[in-house]
S.K.: 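Got a structure for you, written out below as structure tokens; questions coming shortly.
Residue numbers begin at 1 in each chain, while the letters A, B, ... track the order of the sequences.
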2 protein chains.
Amino acid sequence: MATIKDVAGAAGVSVATVSRVLNDNGYVHEDTRTKVMLAMKKLNYYPNEVARSLYKRESRLIGLLLPDITNPFFPQLARGAEDELQREGYRLIIGNSDEELEKELDYLQTFKQNQVAGILAATNYPDLPEYSGSFYPVVFLDRTKEGAPSVFSDGRAGGKIAAEEMLRGGSKCITLVKGPDHLPTAQERFSGALDVLQNADAQFQVMSAASFSLNDAAALAEELFAAYPETDGVIASNDIAAAAVLHEALRLGKKVPQDIQIIGYDDIPQSRLLFPPLSTVRQPAYEMGKEAANLLLHMIKKEPLTETAIQMPVTFIKRQTTRKDDDHE
Amino acid sequence: MATIKDVAGAAGVSVATVSRVLNDNGYVHEDTRTKVMLAMKKLNYYPNEVARSLYKRESRLIGLLLPDITNPFFPQLARGAEDELQREGYRLIIGNSDEELEKELDYLQTFKQNQVAGILAATNYPDLPEYSGSFYPVVFLDRTKEGAPSVFSDGRAGGKIAAEEMLRGGSKCITLVKGPDHLPTAQERFSGALDVLQNADAQFQVMSAASFSLNDAAALAEELFAAYPETDGVIASNDIAAAAVLHEALRLGKKVPQDIQIIGYDDIPQSRLLFPPLSTVRQPAYEMGKEAANLLLHMIKKEPLTETAIQMPVTFIKRQTTRKDDDHE
DNA sequence: TTGAAAGCGTTACCAA
DNA sequence: TTGGTAACGCTTTCAA
């Protein structure tokens, strides 16, 4: 690979002037500029990012920390971030933590060692000192932290909407599925729904999901109908859980949405391909990724921030696992 | 962040000896080693990867090029690779090409500028000069290239299995969905199935899918039943398409698998949550990612390779969108 | 067994 | 408007 020296040699100038044309700063005569550009073209020169990073003490890499890219919600977040970052010349180093502290710390460590320009973190441990040190800017993604830059959606509102729609459809014996205790986002949507249900004229019960994994979702769905066979409405903790519940309901011969309504959360792409297509509360994952990337970009450029905590709106996607208003039995 | 100089200062030795203990090479007295280790601990020192990379002209970063992480098949590939690379201290820089040449070249370029140690590429353009230059080792993932290291699964066998199972279930009017023309993997599974169908006592027709996107899949499913209402078996190009077909079949009031059998391809995690759970041909995506990472690791270490083209086995996952042997109408 | 110093490819300061 | 050179943090000769 050609270096700046080669270019300087070929153009008959010093590396300093090559650097100047490269970065478009300082004075450089028009003639020598073209000479240099020609040489660069001829040698197919591209600057070594590693050398740049070393000098600048900052690379054009962004660390993206995710619980698990295998969960369909996160790839969208990642894509949103990537597409945004891309345009400014930043790339992503990705790390899946599996929600394990050790893995997370390990990734954080290597992010630092690679002099990342910033970090996008969907973490369960926002209070880690690693996130408050001023090594690099951090934006929390799908998570909040008091006073820290973050992008998330309105979980309480989402939970409320789900419960309201469930009631509107006329369910009288609702099972509310509570997501993993350690996930604040899961708790928020849960408590939003709980509030509504508690003040409503409907019977309801709560079940707890151990995780968002497929296996746990399937197990939960079975338990749910075993424990509460009279359930005629399920507010699931996310779309995966909802799919599992839908699956189990159909397996038991129930008609959806006539016998039982089901509402998911997230609106992952696959949800519309379920049958019946899943009614769900949509989080704008791709846009959240974009917003977070944007915020981070501003921080990296040390531009003043107007807002530091960006809350994205949540919307109800009415498909066919819920009934119409006038569809009550 | 503490540097090697700080450590040297604190330990009262030269940076050279710190480097020696760091890399565990060359002679260093036991006493001075402990002195140095103590200093490192005290200063919470971790070597700057960027500086290392610059000197070594190789970073501990691996470029991972994917069509689209949003397609559920790829996150698994990525996780497999990540988990394997992780153990040897390598991290992933990720790039989604959307199958666009320009984006791909752009990522390849920046991978090089970041001096990646190697590249894992799920590319449609394996013949690009970028892949044959000897800048960095490359392993093709889910793709083949004559004589080049690659990890893929046996598409023809997969297609055959799908067709055989379809026939075994007794379908007589089969629609075979052909995936995008530009995807060799899609063509292979297609031609495998085609071979079987052509030599069988069954009527069949072919439909072409423009892409693997959800929207196209949904549109295709509608067209399929409009064009071939008598279809009693669909061999889909992948699980997304199969989900769409299943969806449409149920919407039309068909019984699955009694009226129509459906077979997918890939076995993405969500497929078992469909109802009825999808019968499909499984590609071991996670393992493929692992194998590819492993192969690449060997190449990076310049270890001799026994095999360079690794073909992974494909298996039929019998769930409930296909009939039993004796289940014929 | 240790240290001095060159070099990896840039950028930026200071002189010219 | 240009060039020389120190510096970024590390590794690796080469000498001592």
S.K.: B:Glu58: what forms a salt bridge (Lys or Arg N to Asp or Glu O under 4.0 Å) with it, not counting sequence neighbours?
M.R.: none
S.K.: Evaluate salt bridge (charged side-chain N to carboxylate O under 4.0 Å, His left out) for B:Asp83 paired with A:Lys103, printing each intermediate quantity in order.
M.R.: CA-CA 11 Å; B:Asp83 290 354; A:Lys103 286 194 190 180; 5.1 Å; no
S.K.: Please report, rounded to the nearest Å, how far the C1' atom of D:dG9 is from the NZ atom of A:Lys112.
M.R.: 16 Å
S.K.: Flag yes if more than 12 heavy atoms outside B:Lys302 fall under 6.0 Å of its NZ atom; otherwise flag no.
M.R.: no
S.K.: Give the residues of residues 50-63 of chain B touching DNA chain D, defined as any heavy atom closer than 4.0 Å, sorted by residue number.
M.R.: B:Ala51, B:Arg52, B:Tyr55, B:Lys56
S.K.: Could you tell me whether A:Asp98 and B:Arg79 make a salt bridge, using a distance below 4.0 angstrom between a side-chain N and a carboxylate O?
M.R.: yes
S.K.: By nearest nucleotide on DNA chain D, pick out whichever of A:Val15 and A:Tyr27 is the more 5' one.
M.R.: A:Tyr27
S.K.: Quickly work out the A:Glu49 CD to D:dC8 C1' distance and round it to whole Å.
M.R.: 15 Å
S.K.: Checking the side chain of B:Tyr90 only, and the main-chain atoms of B:Glu82 only, is there a donor and an acceptor separated by less than 3.5 Å?
M.R.: no
S.K.: Take atom CE of B:Met1 and atom C1' of D:dC8, then tell me their distance rounded to the nearest Å.
M.R.: 12 Å
S.K.: Between the protein and nucleotides 13-16 of chain D, which nitrogen or oxygen pairs are less than 3.5 angstrom apart?
M.R.:
none

S.K.: Verify the contact: side-chain N or O of B:Tyr45 to OP1 or OP2 of D:dC10, cut-off strictly under 4.0 Å; return yes or no.
M.R.: yes
S.K.: Atom CD of residue position B:Glu146 - does it have more than 12 heavy atoms of other residues, nucleotides or ligands inside 6.0 Å?
M.R.: no
S.K.: Applying ring pair (Phe, Tyr, Trp, His ring centres under 6.0 Å) to B:Phe140 and B:Phe152, what does each step give before you reach the verdict?
M.R.: CA-CA 8 Å; B:Phe140 293 107; B:Phe152 52 97; over 10 Å; no
S.K.: Backbone N or O of B:Ser53 within a donor-acceptor pair of the B:Ser59 side chain at under 3.5 Å?
M.R.: no
S.K.: DNA chain C: B:Ser14 or A:Pro47, which has the more 5' nearest nucleotide?
M.R.: B:Ser14
S.K.: Is the distance from OP1 or OP2 of D:dT1 to the nearest side-chain N or O of A:Thr17 less than 4.0 Å?
M.R.: no
S.K.: Check this for me: does any side-chain nitrogen of one of A:Glu49 and A:Arg52 sit under 4.0 Å from a carboxylate oxygen of the other?
M.R.: yes
S.K.: Kindly give the heavy-atom pair with the smallest separation between B:Pro47 and A:Gln113, and that separation in Å.
M.R.: O-NE2, 2.9 Å
S.K.: Using the C1' atoms of five pairs at each end, what's the angle between the two axes of the helix from C:dT1-D:dA16 to C:dA16-D:dT1, to 10 degrees?
M.R.: 50°
S.K.: Looking at residues 33-42 of chain B, who's got a heavy atom less than 4.0 Å off DNA chain D?
M.R.: none
S.K.: Shortest non-hydrogen contact from B:Leu141 to B:Ala292?
M.R.: CD1-CB, 3.5 Å
S.K.: Any side-chain heavy atom of B:Tyr46 within less than 4.5 Å of one from A:Gln109?
M.R.: yes
S.K.: Within a radius of less than 6.0 Å around CE of B:Met37, do more than 12 heavy atoms belonging to other residues, nucleotides or ligands occur?
M.R.: no
S.K.: Establish, with yes or no, whether the OP1 or OP2 oxygen of D:dT11 is under 4.0 angstrom from a side-chain nitrogen or oxygen of B:Ser19.
M.R.: yes
S.K.: What verdict does the ring pair (Phe, Tyr, Trp, His ring centres under 6.0 Å) test give for A:Phe73 and A:Phe212, after you've listed the backbone C-alpha separation in whole Å, the side-chain angles of each residue and the deciding distance to 0.1 Å?
M.R.: CA-CA 11 Å; A:Phe73 177 68; A:Phe212 277 157; 9.1 Å; no
S.K.: Send over the distance from B:Gln115 CD to D:dC10 P, rounded to a whole Å.
M.R.: 16 Å
S.K.: Could you give the start and end, 5' to 3', of the contact zone on DNA chain C for chain B, using atoms under 4.0 Å from its heavy atoms?
M.R.: C:dT1 to C:dG9
S.K.: Do B:Lys112's NZ or CZ and the ring of B:Phe135 fall within the cation-pi criteria of under 6.0 Å and 45°?
M.R.: yes
S.K.: Between B:Asn23 and D:dT11, is there a side-chain N or O to OP1/OP2 distance below 4.0 Å?
M.R.: yes
S.K.: Judged by each residue's nearest nucleotide on DNA chain C, which is more toward the 5′ side, A:Asn25 or B:His29?
M.R.: B:His29
S.K.: Run the side-chain hydrogen bond (donor to acceptor under 3.5 Å, both in side chains) test on A:Thr110 and B:Arg91 for me, step by step, so that the C-alpha distance in whole Å, both residues' side-chain angles and the decisive distance to 0.1 Å come before the verdict.
M.R.: CA-CA 8 Å; A:Thr110 64; B:Arg91 307 287 127 134; 2.9 Å; yes
